[in-house]
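Since the structure comes first, as structure tokens, the remarks are kept for the end.
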Protein chains: 4
Amino acid sequence: MTDPDVRDAIMTATYEALCEHGYTDLTAQDIADRTDKSKSLLFYHYDSKEDLVADFVDYLVERFDEWIAETRDLTPSERLATFVDWFLYGSGDDDERQSFHTAMLEIRTQAPYNEQYRKELRKSDDRLREIAEEILRNGIETGEFTDHDPEETAALLIATLDGARIRQLTLAEDDYIGQVRSAMVARIFDDILAEDVSFPEGLLPDEIDIEGGVDGTSDLGPSSETRQPEDEHGSSEDGAE
Amino acid sequence: MTDPDVRDAIMTATYEALCEHGYTDLTAQDIADRTDKSKSLLFYHYDSKEDLVADFVDYLVERFDEWIAETRDLTPSERLATFVDWFLYGSGDDDERQSFHTAMLEIRTQAPYNEQYRKELRKSDDRLREIAEEILRNGIETGEFTDHDPEETAALLIATLDGARIRQLTLAEDDYIGQVRSAMVARIFDDILAEDVSFPEGLLPDEIDIEGGVDGTSDLGPSSETRQPEDEHGSSEDGAE
Amino acid sequence: MTDPDVRDAIMTATYEALCEHGYTDLTAQDIADRTDKSKSLLFYHYDSKEDLVADFVDYLVERFDEWIAETRDLTPSERLATFVDWFLYGSGDDDERQSFHTAMLEIRTQAPYNEQYRKELRKSDDRLREIAEEILRNGIETGEFTDHDPEETAALLIATLDGARIRQLTLAEDDYIGQVRSAMVARIFDDILAEDVSFPEGLLPDEIDIEGGVDGTSDLGPSSETRQPEDEHGSSEDGAE
Amino acid sequence: MTDPDVRDAIMTATYEALCEHGYTDLTAQDIADRTDKSKSLLFYHYDSKEDLVADFVDYLVERFDEWIAETRDLTPSERLATFVDWFLYGSGDDDERQSFHTAMLEIRTQAPYNEQYRKELRKSDDRLREIAEEILRNGIETGEFTDHDPEETAALLIATLDGARIRQLTLAEDDYIGQVRSAMVARIFDDILAEDVSFPEGLLPDEIDIEGGVDGTSDLGPSSETRQPEDEHGSSEDGAE
DNA sequence: CATGAATGAGCATTCATTCAT
DNA sequence: TATGAATGAATGCTCATTCAT
């Protein structure tokens, strides 16, 4: 894989195919069809479909890291809010986002059976927890957050965020995520934020762009616009003081 | 499906097959192999494999309801602790439990693509939320819990529990669940429990027995013993006062 | 494989496909095409193509044993001559016979790489050597053959016969087999046969019928006729006195 | 193919790949991997894989001729013994030799389906028979051998040798070759050798070196040592008087 | 009810060969 | 010469589902 364009093309095609078919029904053909290349080429570049998907997970981590870098300049509470909303609402248009997270959940679901996926996913999750802890720790240092155990809180935070998202995806018809978000602000962040700090309205920076390009010409969706959480979650500021 | 014994046999076989192969690799043959009947018979009783799995989810709800009935006599805080530990630690031996939840997660993962699964799973989830809300509401009534919005709290609680379990299953190597549990007790229950009430040490009643039998002769594991959470979560009472 | 008709059908189809394509280019489809059944059925009855071919070799041994039984009543020297000509000229029409032996040789060729084939082929070869030794031993007992080491002679005999056939198949344009046959009669049998015994003109009993039927309606070739070696080998009796 | 070094490199690689994978599983990649060149280059030098293999057979004949030239100075009975042992035991270490002959047998097996291979193999075989006849004819002239038909005897001899080797390769677990060798000495050579001549203990001259180099730096194995047949065949002189 | 046999639609993967550079 | 990238045509095998009995 000497040519990064080809990898990008395959990764983008994989992303699209995952959104459309889900992991369980993902075939090599589905991926190739979203490429101007042949199915055989996939196996020229990867030893197996599994390898390809594992690389896809890795690719996502790279995109995530790029995105995280963009939030460095925000204050801890802003970063926290950004993090939460990115987690809960993500990037891409609504349908695509749901499709994508569904597919990713399917891949996670295979982790117990699949060493390779497990390894990549853990790598990705380690980054996630590191970032969350870093944000909390910074907040404690700057005095924006009350003193608490950042590791434990990060674990709780991410469990809740992940659970909320997964449940929204797999079960809910109503705005389950919004409900959890307010509860989280009220019950968890209220304890964490210092007296005079309120939980900022979510503001996402440039989204994670799967395609990795800068011009947003990807057909992965209108990925360069700043996303706002839907209105019903706007109640956050009310619940946060 | 006129004969309930046959249904039980098929459901038990499905459970075992799911534990062993996971949903993605579950074949009709796998199920039939765990039965003294033939593969064709499955299609005599169900129109498709999908139908069979959907019925399996329904079957689980029935078992859940039976199990819930057994907790009616506990105090709200006891029921809450029981609920939490059942959710996080479940029934069955350790391996089986994990296998089972992994397989169930796979099925949930299909919900976005599968109307039928979605319907059954929502039914199951509705029961779950009802129970959680009921427990919280009862606690408020008896004064064991402080006044709060039970629906929102239930949503938060379940999101966290679900997220913790899923993350333990799909990502964690360490005792992630234990970490989340303590954080939850410290940050969420502390607010909920009235001044003089502490979070009880988890005590599970008779477990949900998938097999539904009363004699416990099933090979689904030693399912009738009362389970205790592992030691590291026993710290709950410490963190809850 | 409860129904022997199906096995027979598959074996016959395998025989024909082997004759036509050779082992190297034998595909499951080729076999299925010579059946009124589907390709999938082959894998219903056999776990793999390899298993099927191994069973085919076994099937041949069964046919061989049936054929051998028919020669029990001949005198040792007659049996020897029959054995030699069966080995060198075999059954079936000329083209088919060659094709078949070629395919069998390909299978033998895989033995060093394939445990399963090796096992079946050895079984088949053990029968062959047993029969040859039995013939020689009987001849010594009846005084038709001079005293010699039957095991060693059988080894030499079969090596020569096998080599001759293989070389005819893979290399020769001329009547190489005939040449070897006369030389064998002159140089080997001359020593073995007692003073007053001459090597009988080859006379094959009913041929080995791959199909195993009794009516010869198989399309495996006109297999029930008594075969005679081609004329040019008729010189055998000349060289043997 | 202007550069003989490239041809040598490809031929050597082909030899090694054949030993390791056998003909049936020989891929162009396998050959290229044993070269410092790319797979595409093979198709630059040869129109097809088949062409390459055909050239490989031709290459072997060239090596054989070089080797034969070295035996010119021996007496006919010495050359005969050398020829026999070269045929039965060949050159190279034990494993390699077997692997190689197995692969060659696979190629021979394709001859009936493949004009090109057939042509090359016949050329190679013609040389073999010529040499055998030449040795026998010389022996008759010098009086070392009794008068007999050299062509017929050569045919018999080679059939037996070839059969023995092939059977050892594809079937035998025991020392089948040794058994045939003694029988051959006792039953065939005894008739051929003049009264006062005994079959010499096999002595191989410099072996055929596939690589064709003179310095023996090839990793084809320690190919320049004189090989001796295994002990159990040393009984030849005993059986030959 | 119950089943063994049967099948069609796929699917991941392989590999000789081609081609632009 | 030389190669990395690319591909079409197969191939063995799987599995939900059907059906005759």
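Numbered from 1 within each chain, the chains take letters A, B, ... in sequence-line order. Here the structure is a predicted model, which means the values were calculated and not measured.
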What are the two closest heavy atoms between Pro112(D) and Thr102(C), and how far apart are they?
-> CG-CG2, 3.5 Å
Under 3.5 Å, side chain of Arg34(A) to main-chain N/O of Asp30(A), donor-acceptor pair present?
-> yes
Compare side-chain N and O positions of Tyr44(B) against OP1 and OP2 of dA2(E) and report whether any pair is under 4.0 Å apart.
-> no
Compare the minimum distances between each of dT18(E), dT7(E), dG12(F) and the side chain of Ser40(D), then state the nucleotide with the smallest one.
-> dT18(E)
Rounded to the Å, how far apart are Lys49(B) NZ and dT14(F) P?
-> 15 Å
Once you round it to whole Å, what is the distance between P of dC15(E) and OH of Tyr46(D)?
-> 21 Å
Minimum heavy-atom distance Lys49(B)-Thr27(B), with the two atoms named = NZ-CA, 4.4 Å
Salt bridge (charged side-chain N to carboxylate O under 4.0 Å, His left out) between Glu50(A) and Lys119(A), intermediate numbers included = CA-CA 13 Å; Glu50(A) 194 179 309; Lys119(A) 219 177 116 194; over 6 Å; no
What's the CZ-P distance between Phe43(A) and dC11(E), to the nearest Å?
-> 12 Å
Kindly say if Ser38(B) contacts the phosphate of dT3(E), meaning a side-chain N or O under 4.0 Å from OP1 or OP2.
-> yes
Return one dot-bracket line describing DNA chain F 5' to 3' (Watson-Crick or G-U wobble pairs, both distances under 3.5 Å; ( ) same strand, [ ] crossing, | another strand, . none).
-> .||||||||||||||||||||
Report the nucleotide, chosen from dA2(F), dT13(E), dA6(F), that has the shortest atom-to-atom distance to any side-chain atom of Leu41(A).
-> dA6(F)
Roughly how many Å is it from CG in Asp3(C) to C1' in dT3(E), rounded to a whole number?
-> 15 Å
Could you please name the option among dC13(F), dT7(F), dT13(E) that lies closest to any side-chain atom of Ser48(A)?
-> dT13(E)
Take atom CG of Leu52(C) and atom P of dT11(F), then tell me their distance rounded to the nearest Å.
-> 16 Å
Within this structure, what is the CG-to-C1' distance between Asp47(B) and dT17(F), rounded to whole angstrom?
-> 11 Å
Indicate whether any N or O donor in one side chain lies under 3.5 Å from an N or O acceptor in the other, for Glu106(B) and Tyr113(A).
-> yes
Nearest to the side chain of Lys37(B), which nucleotide is it out of dT7(E), dT18(F), dT3(E)?
-> dT3(E)
Near-strand residues of residues 20-32 of chain D, defined as heavy-atom separation under 4.0 angstrom from DNA chain E | Leu26(D), Thr27(D), Ala28(D)
Determine the minimum heavy-atom distance between Ala54(C) and Tyr117(C), stating which atoms define it.
-> N-CE2, 3.9 Å
Figure out the CG/C1' separation between Asp5(C) and dA6(E), and round it to whole Å.
-> 16 Å
Identify whether any heavy atom of Asp36(A) sits under 4.0 Å from a base atom; if not, whether one sits that close to sugar-phosphate; answer base, sugar-phosphate or nothing.
-> sugar-phosphate
Rounded to whole angstroms, how far apart are CG on Leu42(D) and P on dC15(E)?
-> 15 Å
Would you name the heavy atoms of Phe56(D) and Met104(D) that are closest together and state the gap between them?
-> CE2-SD, 4.2 Å
dA6(F) phosphate, OP1 or OP2, under 4.0 Å from His45(A) side-chain N/O | yes
Search all heavy atoms of Thr170(C) against all heavy atoms of Ala111(D) and return the closest pair with its distance.
-> O-CB, 3.4 Å
The single option from Val53(B), Leu60(B), Asn114(B) passing side chain to side chain contact (heavy atoms under 4.5 Å, CB included) against Ile107(B) | Val53(B)
Scan Lys39(C) against the nucleic acid and name what it touches under 4.0 Å (heavy atoms): base, sugar-phosphate only, or nothing.
-> base
Under 3.5 Å, is there a donor-acceptor pair linking the side chains of Ser99(B) and Glu20(B)?
-> no
